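Every value quoted in this text rests on a predicted model; they were computed, and no experiment measured them. Letters A, B, ... are given to chains in the order of the sequence lines, protein chains preceding strands, and every chain is numbered from 1.
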Number of protein chains: 2
Amino acid sequence: MSHTIGVRQAQKQKTRQALLDAGLRLLAEQSLSSLGLREVTRVVGVAPAAFYRHFRDIPDLGVALVEESLGSLHVVIRAILAEQPGAEERIDRTVAVVEQYVRENPAHVRFIARERHGGVRAVRKAIAAELARFAAEVAAGLREQPVSDAWSDDDVLMLAEMYVDHLVMTASAILDAADDGDAAACDRIAERARRQLRLISLGRLHWTD
Amino acid sequence: MSHTIGVRQAQKQKTRQALLDAGLRLLAEQSLSSLGLREVTRVVGVAPAAFYRHFRDIPDLGVALVEESLGSLHVVIRAILAEQPGAEERIDRTVAVVEQYVRENPAHVRFIARERHGGVRAVRKAIAAELARFAAEVAAGLREQPVSDAWSDDDVLMLAEMYVDHLVMTASAILDAADDGDAAACDRIAERARRQLRLISLGRLHWTD
DNA sequence: CGCGTCGGAGAACGGATGTTTACTGAATGG
DNA sequence: CCATTCAGTAAACATCCGTTCTCCGACGCG
């Protein structure tokens, strides 16, 4: 193994993670700009002052949550881009992956959707920067598909950004429906997303006229 | 004239509107779930207790703001749907109208984009309901276009919802760029929106296969 | 082993919060 | 014209907040 870190640093990271988890949990029913420092420490079971050992303030915790949330989204993008077969299968698989991701990481999805346009500038910027990176990654994936041969790089990026926006929107919509316990609505939204992707896919085929 | 209302009721509506305006102004830099009652009354210049003469609590004020914000959006939708000529002109006009709307009502746009996924359930529901109404209206407009002749009602609604989502996203993106004072970025986003609409429009033409 | 480091505890602070209460005084309407 | 209604005031309430101290005790390293 590379290096066994000390008990000291391990315990620190443990409470740091506990603070992040508590914050994410509390953000299910409020937004970051109303999240209280004491509120978070109370859930974790540490003194308020302990917070400062890990974050400067609440916005700082928010930025850390962005990295955590969108780090796990990275896996999803890779999974979607890796698909090889026809357009129809790729669409089905894409939506299926999104559905699964929302089911397994509901809090992260909610956090990103909520704070993307939320009241904390630093967090908005962090999310925007990360989503831009994803869009670039998606664009690179699209570039390799034969359909994009005659496309300009700018147009490919435009398409990628639309996909990313659509992905976030769909994930958030599924989550909202799931919160209401309405499984039928989830399926409806997934089906709608599939048809919307199909429509975009059709546009792609005839773009070069 | 129909009926001149009393000085009493007029003065009341005046301060009510002042509370709404103050709330909207404060929401430029925070989200609704962190907006304080005293904060709002302080800006208006009335006693905190006076707030209760107009709203039950802050979420209640939020719901009122939704109605005010999306009431003005109604005009925009009408303006877009009224266009007659070719697809290209309609797209240009649509984006132009959105740009103008964002320039004239930045606070309303920010509020809707922010609270659409925000931390206050009642406000989220109100926005979702209102946007669903807009989507239905857009769908009705699309129905009348010859391009949609062979479409099912369900597919037309799916398309309309995509347009509404795209509209909100674009408006919010333009606003963010405008906040940074980056006029060039605004133009870039507008141009991107036009191309995205063109892509969707292309998909529409070949949907019935 | 012994000493420095440092994550966390605990208490204290000044200030801001939402809500309730009793009140004032001007518009209202018979 | 006079009794009533009611939008807004002023003060007091119990809490809660973020931040700053001092201090403790277990870990890290030589």
Side-chain angles (χ1 to χ4, degrees), chain A residues 1-27 29-65 118-123, chain B residues 1-27 29-65 118-123:
Chain A
M1 59 203 67
S2 59
H3 198 260
T4 314
I5 61 166
V7 179
R8 200 78 173 267
Q9 204 162 343
Q11 195 49 261
K12 176 168 183 179
Q13 286 184 0
K14 203 170 167 183
T15 60
R16 184 192 138 100
Q17 189 59 45
L19 288 169
L20 287 170
D21 292 347
L24 200 60
R25 178 144 71 87
L26 290 167
L27 286 173
E29 295 185 0
Q30 61 184 309
S31 23
L32 188 66
S33 71
S34 72
L35 183 65
L37 178 156
R38 297 183 98 106
E39 206 176 349
V40 177
T41 58
R42 199 182 308 127
V43 170
V44 176
V46 297
F51 182 89
Y52 296 100
R53 302 285 183 194
H54 304 275
F55 306 101
R56 207 177 317 117
D57 45 27
I58 286 290
D60 193 30
L61 185 153
V63 172
L65 277 176
V120 182
R121 174 177 293 266
V123 171
Chain B
M1 58 202 71
S2 59
H3 197 263
T4 316
I5 62 167
V7 179
R8 199 77 171 271
Q9 206 160 341
Q11 194 49 260
K12 176 168 183 179
Q13 285 184 2
K14 204 171 168 184
T15 61
R16 184 191 138 99
Q17 190 58 46
L19 287 169
L20 288 170
D21 292 347
L24 200 59
R25 177 144 70 90
L26 290 167
L27 285 173
E29 294 185 0
Q30 63 185 308
S31 24
L32 188 66
S33 72
S34 72
L35 183 64
L37 178 155
R38 296 183 99 107
E39 206 176 347
V40 178
T41 58
R42 199 182 308 127
V43 170
V44 176
V46 298
F51 182 89
Y52 295 102
R53 302 284 182 196
H54 304 275
F55 306 102
R56 207 177 315 114
D57 45 27
I58 286 288
D60 193 29
L61 185 154
V63 172
L65 276 177
V120 182
R121 174 178 292 267
V123 171

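Taking atom CD of Q11(A) as the reference point, atom P of dA9(C) lies 11 Å away to the nearest angstrom. One interatomic measurement links the two molecules: CG of L19(B) to P of dG18(C), which rounds to 13 Å at whole-angstrom precision. When rounded to the nearest whole Å, the span between CD of Q9(A) and C1' of dG8(C) equals 16 Å. Rounded to whole Å, the distance from CZ on R16(A) to P on dG8(C) is 12 Å. Nucleotide dA7(D) holds its P atom 13 Å from the CZ atom of F55(B), rounded to whole Å. For D57(A) and dT20(D), the CG to P distance is 11 Å, given to the nearest whole Å. As rounded to whole Å, 9 Å separates atom P of dT19(D) from atom CZ of F51(A). Per the geometry, CD belonging to Q17(B) stands 13 Å off P belonging to dG8(D), to the nearest Å.
The side chain of T15(B) places an N or O atom within less than 4.0 Å of a non-bridging phosphate oxygen (OP1 or OP2) of dG8(D). Side-chain N/O atoms of Y52(A) include none lying less than 4.0 angstrom from OP1 or OP2 on dT20(D).
Between K12(A) and A49(B), it is K12(A) whose nearest contact on DNA chain C lies nearer the 5' terminus.
L27(B) is listed as a side-chain neighbour of L65(B), based on a closest heavy-atom distance under 4.5 Å. At least one side-chain heavy atom of Q30(A) sits less than 4.5 Å from a side-chain heavy atom of E39(A). Side-chain contact check for F51(B) versus T15(B): every heavy-atom pair is 4.5 Å or farther apart.
Results of the side chain to side chain contact (heavy atoms under 4.5 Å, CB included) test with P59(B) over V63(B), L61(B), D57(B) single out D57(B) as the only residue that passes.
Of the candidate nucleotides dT20(D), dT20(C), dG18(D), dG18(D) has the atom lying nearest to any side-chain atom of L37(A). Closest contact between the side chain of R38(B) and the listed nucleotides dG10(C), dG18(D), dT17(C) involves dT17(C). With distances taken from any side-chain atom of P48(A) to the nucleotides dG8(C), dG25(C), dT19(D), the minimum falls on dT19(D). Relative to the side chain of R53(A), the nucleotides dG8(D), dT21(C), dG7(C) differ in distance, and dG7(C) lies closest. Among dG8(D), dA9(C), dA7(D), the nucleotide with an atom closest to any side-chain atom of H54(B) is dG8(D).
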Apply side chain to side chain donor-acceptor pair (under 3.5 Å) to residues S34(A) and S33(B) and explain how you reach the verdict. CA-CA 6 Å; S34(A) 72; S33(B) 72; 3.0 Å; yes
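Here R42(A) lies in heavy-atom contact (under 4.0 Å) with sugar-phosphate atoms only.
Scanning atom types as modelled, one donor and one acceptor separated by under 3.5 angstrom connect the side chain of R8(B) and the base of dC6(D).
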